[in-house]
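Step one of this worksheet: look at the structure below.
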Amino acid sequence: ILASILGLIIYCLIRDSHRVRNLSGKHVFITGCDTGLGNSLAKWLDKRGFCVIAACATEKGGQELQSCSSLSLKTVNLNLADSNSIARAVVFVTRETSGKGLFGLVSNAEGTAPVAPTDWLRIEDFHSVMDVSLLGLIEITLKLLPLLKKAEGRVVNLINAKGLMAFVGGGYSLSKWGMEAFSDTLRIEMQHFGVKVSIVEHGFFKAGVVNSDVIEKYLLRLWNRLTPEIRDSYGEKYF
């Protein structure tokens, strides 16, 4: 019993030594804050005193988030598929941090993911997800690295674990594997500058109602645009 108590005390001391202190003035930039995990995280960090900068894909998403947060939480519109939008967001973050650097970057956004056999897809279907979920996140990370190095901050990449199971065609799994590789490489390189890089592989969470009708309509659109040869090779029964 004494050994268990002593072990618990040592665990608590080690855990508490890793807690972030003096949260006031520490800026955290989060992507994908319109809904879901990014939205919840922005609210959670805001309540704990961080200076949150939340990137939203829509003005409506930003307004709704601001309406239920403190005045210190700032929002910025961000389209990760657009380099100009990324550049504007970086300027905004640089201005908000006022020379202090960026304490944290949380990458969370996901692009649309067509779910279909690979030869039903076109290259633009791959771009629609990878330009956001991989290349866009890499681009904004690269542009924010100087601010992260200045504050000896940290990068946290939220990656849906189901993306690591390549059971469906399209760019979704490719983008997740790509972010894993990018994160692992960046972690090694940034150690020299005191910047930490973490991956959080989360599972399913309630982010809204999945509309099966929308999925079926998308599949039908893909099916209808296939060449007769490909449709015949699969057959109506497969569809």
Side-chain angles (χ1 to χ4, degrees), residues 14-23 25-33 36-42 44-46 48-56 74 76 78 80-81 83 85-87 89-94 96-97 99-111 129-166 171-203 205:
I14 294 174
R15 181 195 62 188
D16 290 343
S17 69
H18 287 82
R19 289 187 183 276
V20 177
R21 310 293 180 183
N22 303 318
L23 306 184
K26 287 183 168 62
H27 289 81
V28 178
F29 179 64
I30 310 170
T31 65
C33 293
L37 193 56
N39 184 278
S40 298
L41 180 62
W44 191 84
L45 292 178
D46 178 54
R48 278 151 184 78
F50 283 97
C51 296
V52 177
I53 306 173
C56 297
K74 307 295 182 182
V76 60
L78 176 62
L80 284 168
S83 292
S85 179
I86 290 174
V90 170
V91 170
F92 183 86
V93 173
T94 302
E96 288 295 321
T97 54
K100 299 177 183 177
L102 186 61
F103 179 76
L105 166 62
V106 182
S107 294
N108 167 60
E110 293 190 345
V129 59
M130 296 188 69
D131 285 351
V132 174
S133 298
L134 180 58
L135 299 177
L137 292 181
I138 290 176
E139 182 175 356
I140 200 162
T141 301
L142 295 177
K143 291 187 175 179
L144 289 174
L145 279 180
L147 294 178
L148 289 160
K149 288 160 71 174
K150 187 169 187 177
E152 294 189 356
R154 66 281 319 278
V155 177
V156 180
N157 290 324
L158 306 181
I159 301 174
N160 197 317
K162 68 177 180 283
L164 302 179
M165 299 177 286
Y172 191 81
S173 294
L174 293 176
S175 68
K176 301 311 169 189
W177 283 102
M179 280 306 295
E180 293 268 347
F182 175 73
S183 302
D184 288 340
T185 304
L186 190 66
R187 181 184 304 114
I188 297 170
E189 296 168 347
M190 288 295 109
Q191 285 179 347
H192 175 73
F193 301 99
V195 175
K196 299 176 182 178
V197 179
S198 302
I199 300 170
V200 176
E201 294 174 350
H202 61 83
F205 60 92

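The structure presented is a predicted model; accordingly, all values stated were derived computationally and were not measured.
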Shortest non-hydrogen separation from L78 to A89 and the atoms involved: CD1-CB, 3.9 Å

Heavy-atom closest pair (N157 atom, S183 atom, distance to 0.1 Å) is ND2-OG, 2.7 Å

Correct closest heavy-atom pair for A81 and V132 would be CB-CG2, 4.0 Å

Check whether any side-chain N or O of S133 sits under 3.5 Å from a backbone N or O of M130 as a donor-acceptor pair, and report yes or no. no

side-chain contact (heavy atoms from CB on, under 4.5 Å) between D131 and L80, intermediate numbers included: CA-CA 7 Å; D131 285 351; L80 284 168; over 6 Å; no

Donor-acceptor contacts, no H, no angles, side chain residues 187-197, under 3.5 Å, sequence neighbours left out:
{"unit_1": "R187", "atom_1": "NE", "unit_2": "V197", "atom_2": "O", "d": "2.8"}
{"unit_1": "R187", "atom_1": "NH1", "unit_2": "D184", "atom_2": "OD1", "d": "2.9"}

Inter-residue atom distance F182.CZ - L142.CG, 0.5 Å rounding: 5.0 Å

Any heavy-atom pair between the side chains of L105 and T141 that's under 4.5 Å? yes

Beyond-backbone contact of V93 with V90, side-chain heavy atoms, under 4.5 angstrom: no

Could you grab the distance from atom CH2 of W44 to atom CG of L37, nearest 0.5 Å is fine? 12.0 Å

Quick check: do K74 and V76 have side-chain heavy atoms less than 4.5 Å from each other? no

Looking at side-chain heavy atoms only, is the closest gap between I140 and F29 below 4.5 Å? yes

Closest non-hydrogen atom pair between S175 and V129, with its separation: OG-CG2, 4.3 Å

Look up atom CG in L158 and atom OG in S198, then write down how far apart they are to the nearest 0.5 Å. 10.0 Å

Between CZ of F50 and NZ of K26, what distance do you get to the nearest 0.5 Å? 7.5 Å

Of all the heavy-atom pairs spanning L102 and L148, show the shortest one and how long it is. O-CD2, 3.4 Å

Quick note, salt bridge (charged side-chain N to carboxylate O under 4.0 Å, His left out) partners involving residues 173-182, not counting sequence neighbours, are E110-K176

Closest non-hydrogen atom pair, N108 against G32: ND2-O, 3.0 Å

Could you tell me the separation between the OG1 atom of T94 and the CG atom of L147, rounded to the nearest 0.5 Å? 4.5 Å

Step-by-step side-chain contact (heavy atoms from CB on, under 4.5 Å) determination, V156 to V200: CA-CA 7 Å; V156 180; V200 176; 3.9 Å; yes

Within the 4.5 Å heavy-atom criterion, are L41 and V28 side-chain neighbours or not? no

K143: side chain to side chain donor-acceptor pair (under 3.5 Å) partners, not counting sequence neighbours: E139

